[in-house]
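Note sheet for the following structure.
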Amino acid sequence: MIDPSLNSYRDRVLAWVERIPLGKVATYGQIAALAGKPRAPRQVGQILAGIPDPDALPWQRVINAKGEISTYRRGVGELQRAMLESEGICFDPQGRCDLRTYLWQRETDPLEA
DNA sequence: AGACTGACTCCAA
DNA sequence: GTTGGAGCCAGTC
(Lines give C-alpha, C1' and ligand atoms only; values in the text may rest on other atoms or scores of the structure.)
Protein backbone atom coordinates (compact mmCIF):
# COMPACT_ATOMS: atom_id res chain seq x y z
CA MET A 1 0.00 0.00 0.00
CA ILE A 2 2.41 2.56 1.24
CA ASP A 3 5.97 2.82 2.40
CA PRO A 4 6.32 0.98 5.72
CA SER A 5 8.75 3.64 6.86
CA LEU A 6 5.85 6.02 7.14
CA ASN A 7 4.35 5.46 10.52
CA SER A 8 2.48 8.57 11.44
CA TYR A 9 -0.83 9.55 9.93
CA ARG A 10 0.78 12.81 8.93
CA ASP A 11 3.50 11.12 6.92
CA ARG A 12 1.05 8.79 5.21
CA VAL A 13 -1.18 11.67 4.24
CA LEU A 14 1.73 13.61 2.81
CA ALA A 15 2.94 10.55 0.96
CA TRP A 16 -0.43 10.09 -0.72
CA VAL A 17 -0.80 13.74 -1.57
CA GLU A 18 2.56 13.53 -3.23
CA ARG A 19 1.24 10.77 -5.47
CA ILE A 20 -1.65 12.75 -6.88
CA PRO A 21 -0.84 12.99 -10.59
CA LEU A 22 -0.75 16.31 -12.37
CA GLY A 23 -4.06 17.24 -13.85
CA LYS A 24 -6.01 15.31 -11.25
CA VAL A 25 -7.43 16.19 -7.85
CA ALA A 26 -8.24 14.28 -4.69
CA THR A 27 -10.67 14.99 -1.87
CA TYR A 28 -9.75 15.26 1.77
CA GLY A 29 -11.89 12.25 2.50
CA GLN A 30 -10.15 10.26 -0.18
CA ILE A 31 -6.72 11.03 1.17
CA ALA A 32 -7.89 10.33 4.70
CA ALA A 33 -9.19 6.93 3.63
CA LEU A 34 -5.98 6.08 1.79
CA ALA A 35 -3.98 7.08 4.84
CA GLY A 36 -6.05 4.69 6.91
CA LYS A 37 -8.49 7.00 8.69
CA PRO A 38 -11.64 7.46 6.60
CA ARG A 39 -13.22 9.52 9.36
CA ALA A 40 -10.43 12.04 9.70
CA PRO A 41 -10.53 14.25 6.64
CA ARG A 42 -10.25 17.37 8.77
CA GLN A 43 -6.87 16.18 9.93
CA VAL A 44 -5.75 16.15 6.33
CA GLY A 45 -6.48 19.82 6.11
CA GLN A 46 -4.81 20.44 9.40
CA ILE A 47 -1.74 18.58 8.26
CA LEU A 48 -1.55 20.33 4.93
CA ALA A 49 -1.81 23.63 6.76
CA GLY A 50 1.33 22.81 8.67
CA ILE A 51 3.59 21.33 6.04
CA PRO A 52 7.13 22.71 6.08
CA ASP A 53 7.69 23.10 2.35
CA PRO A 54 4.50 23.74 0.36
CA ASP A 55 6.57 24.08 -2.79
CA ALA A 56 7.57 20.42 -2.72
CA LEU A 57 4.03 19.13 -2.34
CA PRO A 58 1.03 19.30 -4.68
CA TRP A 59 -1.26 20.34 -1.81
CA GLN A 60 -3.34 22.36 -4.24
CA ARG A 61 -4.73 19.16 -5.73
CA VAL A 62 -6.60 18.39 -2.53
CA ILE A 63 -10.12 19.81 -2.44
CA ASN A 64 -13.38 19.06 -0.67
CA ALA A 65 -15.96 16.44 -1.63
CA LYS A 66 -18.06 18.94 -3.53
CA GLY A 67 -15.24 19.79 -5.88
CA GLU A 68 -14.72 23.19 -4.35
CA ILE A 69 -11.68 24.98 -3.07
CA SER A 70 -11.76 24.83 0.71
CA THR A 71 -9.06 27.37 1.33
CA TYR A 72 -10.64 30.67 0.36
CA ARG A 73 -11.10 31.75 3.91
CA ARG A 74 -7.51 30.94 4.59
CA GLY A 75 -6.35 33.37 1.95
CA VAL A 76 -4.62 30.98 -0.40
CA GLY A 77 -7.77 30.07 -2.29
CA GLU A 78 -7.02 32.23 -5.29
CA LEU A 79 -3.48 30.93 -5.47
CA GLN A 80 -4.72 27.36 -5.26
CA ARG A 81 -7.24 27.90 -8.01
CA ALA A 82 -4.62 29.54 -10.21
CA MET A 83 -2.28 26.61 -9.71
CA LEU A 84 -4.99 24.10 -10.55
CA GLU A 85 -6.05 26.00 -13.63
CA SER A 86 -2.47 26.03 -14.82
CA GLU A 87 -2.59 22.25 -14.51
CA GLY A 88 -5.65 22.06 -16.72
CA ILE A 89 -8.38 21.93 -14.10
CA CYS A 90 -11.43 23.93 -15.08
CA PHE A 91 -13.86 25.57 -12.67
CA ASP A 92 -17.56 26.29 -12.99
CA PRO A 93 -19.00 29.75 -12.44
CA GLN A 94 -19.90 28.36 -9.02
CA GLY A 95 -16.23 27.75 -8.33
CA ARG A 96 -16.47 24.01 -8.56
CA CYS A 97 -14.60 21.54 -10.73
CA ASP A 98 -16.01 18.36 -12.22
CA LEU A 99 -14.88 15.57 -9.95
CA ARG A 100 -16.28 13.06 -12.40
CA THR A 101 -13.54 14.21 -14.75
CA TYR A 102 -10.69 15.29 -12.52
CA LEU A 103 -10.96 13.09 -9.45
CA TRP A 104 -7.89 10.95 -9.05
CA GLN A 105 -8.93 7.33 -9.33
CA ARG A 106 -5.97 5.07 -8.78
CA GLU A 107 -8.04 1.91 -8.96
CA THR A 108 -10.08 1.84 -12.11
CA ASP A 109 -10.74 4.10 -15.04
CA PRO A 110 -12.46 1.93 -17.66
CA LEU A 111 -14.30 4.87 -19.13
CA GLU A 112 -11.29 7.05 -19.46
CA ALA A 113 -9.04 4.50 -21.04
C1' DA B 1 -7.42 16.00 32.12
C1' DG B 2 -11.26 18.67 29.71
C1' DA B 3 -12.76 21.87 26.13
C1' DC B 4 -12.14 24.19 21.66
C1' DT B 5 -11.00 24.34 16.87
C1' DG B 6 -10.68 23.17 12.07
C1' DA B 7 -8.06 23.58 4.34
C1' DC B 8 -14.37 17.85 6.08
C1' DT B 9 -18.41 14.57 5.19
C1' DC B 10 -22.69 12.47 5.35
C1' DC B 11 -27.68 12.50 5.61
C1' DA B 12 -32.02 14.72 5.96
C1' DA B 13 -35.16 18.55 4.65
C1' DG C 1 -29.82 20.79 -7.14
C1' DT C 2 -28.92 23.38 -2.60
C1' DT C 3 -28.78 24.25 2.51
C1' DG C 4 -28.40 23.05 7.44
C1' DG C 5 -27.21 20.21 11.36
C1' DA C 6 -24.70 16.46 13.71
C1' DG C 7 -20.59 13.51 13.80
C1' DC C 8 -15.49 12.76 13.93
C1' DC C 9 -10.32 12.83 14.84
C1' DA C 10 -6.02 14.83 16.19
C1' DG C 11 -3.57 18.81 17.67
C1' DT C 12 -3.56 22.86 20.81
C1' DC C 13 -4.81 25.84 24.85
Side-chain angles (χ1 to χ4, degrees):
Chain A
M1 242 331 138
I2 198 166
D3 292 341
S5 58
L6 307 175
N7 296 322
S8 71
Y9 181 55
R10 192 186 99 100
D11 288 336
R12 291 198 302 273
V13 166
L14 295 180
W16 279 113
V17 171
E18 217 167 69
R19 295 188 185 187
I20 304 173
L22 191 146
K24 292 289 180 180
V25 298
T27 68
Y28 294 96
Q30 185 179 11
I31 295 298
L34 289 171
K37 299 196 182 295
R39 301 285 111 168
R42 299 186 86 133
Q43 268 34 263
V44 175
Q46 185 112 14
I47 290 164
L48 290 183
I51 55 178
D53 51 357
D55 301 320
L57 200 75
W59 58 270
Q60 71 274 16
R61 296 178 196 148
V62 184
I63 59 180
N64 68 26
K66 300 187 187 73
E68 303 179 305
I69 305 291
S70 283
T71 57
Y72 280 116
R73 187 176 174 180
R74 209 174 167 263
V76 298
E78 300 187 358
L79 170 64
Q80 180 173 9
R81 169 157 178 171
M83 294 174 85
L84 289 177
E85 286 183 328
S86 72
E87 293 182 356
I89 310 293
C90 297
F91 287 86
D92 293 4
Q94 302 176 345
R96 307 187 309 194
C97 71
D98 188 358
L99 289 179
R100 209 176 34 178
T101 301
Y102 300 116
L103 184 65
W104 175 40
Q105 298 170 134
R106 49 191 270 306
E107 290 286 336
T108 82
D109 39 56
L111 299 179
E112 193 166 348

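The figures here come from the full heavy-atom set of this structure, side chains too, leaving out hydrogens, waters and symmetry mates. Numbers restart at 1 for each chain; the letters A, B, ... are given by sequence-line order, proteins then strands.
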Given dA7(B), dC9(C), dC10(B), identify the nucleotide with an atom nearest to the side chain of A65(A). dC10(B)
Interatomic distance where CD1 belongs to I51(A) and C1' belongs to dG11(C) [whole Å]: 17 Å
Output the residues of residues 76-99 of chain A in contact with DNA chain B, where contact means a heavy atom of the residue under 4.0 Å from an atom of the strand; sort by number or write none. none
State which of dC8(C), dG6(B), dC8(B) makes the closest approach to the side chain of Q43(A). dG6(B)
What contact category does T71(A) fall into here, base, sugar-phosphate, or nothing, at under 4.0 angstrom with non-hydrogen atoms? base
Who are the side chain to side chain donor-acceptor pair (under 3.5 Å) partners of E87(A), not counting sequence neighbours? Q60(A), R61(A)
What's the spacing between I31(A) CD1 and R12(A) CZ if we round to 0.5 Å? 12.5 Å
Ranking dC10(B), dG7(C), dA7(B) by distance to the side chain of R39(A), first place goes to dC10(B)
Under 3.5 Å, is there any donor-acceptor pair linking the side chain of R10(A) to the base of dG11(C)? no
Are the side chains of I69(A) and F91(A) in touch, meaning some heavy atoms are under 4.5 Å apart? yes
From CD1 of I31(A) across to C1' of dC9(C) the rounded distance in Å is 17 Å
Would you say K37(A) places a side-chain N or O within less than 4.0 Å of OP1 or OP2 belonging to dA10(C)? yes
Indicate yes or no for a side-chain donor-acceptor contact from W59(A) to the backbone of L48(A) under 3.5 Å, with no hydrogens or angles considered. no
Rounded to the Å, how far apart are I47(A) CD1 and dT5(B) C1'? 15 Å
Rounded to the nearest Å, what distance is computed from the CZ atom of residue R42(A) to the P atom of nucleotide dT12(C)? 16 Å
Given dA10(C), dA7(B), dC8(B), identify the nucleotide with an atom nearest to the side chain of W59(A). dA7(B)
5′-ward residue of the pair I63(A)/Q46(A) relative to DNA chain B: Q46(A)
Evaluate the side-chain proximity of W104(A) to L34(A): yes if any heavy-atom separation is below 4.5 Å, no if none is. yes
Taking Y9(A) for its side chain and A40(A) for its backbone only, find out whether a donor-acceptor pair lies under 3.5 Å. yes
Is it the case that atom CD in E85(A) sees more than 12 heavy atoms from other parts of the structure closer than 6.0 Å? yes
Between CG of L48(A) and P of dA10(C) the distance, given in whole Å, is 16 Å
Rounded to whole Å, CG of D11(A) lies from P of dA10(C) at a distance of 15 Å
Heavy atoms from C-beta onward define the side chain here; which of dA7(B), dT9(B), dC9(C) lies closest to that of R74(A)? dA7(B)
From dG11(C), dA7(B), dT9(B), nucleotide with atom closest to K66(A) side chain: dT9(B)
D92(A) (side chain) donor-acceptor with Q94(A) (main chain) under 3.5 angstrom: no
Expressed in angstrom and rounded to an integer, what is the separation of L14(A) atom CG from dA7(B) atom P? 16 Å
Between R73(A) (CZ) and dT5(B) (C1'), how many Å, whole number? 11 Å
Tell me the partner of dA6(C), counting only Watson-Crick (N1-N3 plus N6-O4 or O6-N4) or G-U wobble (N1-O2 and O6-N3) with both under 3.5 Å; none if nothing fits. dT9(B)
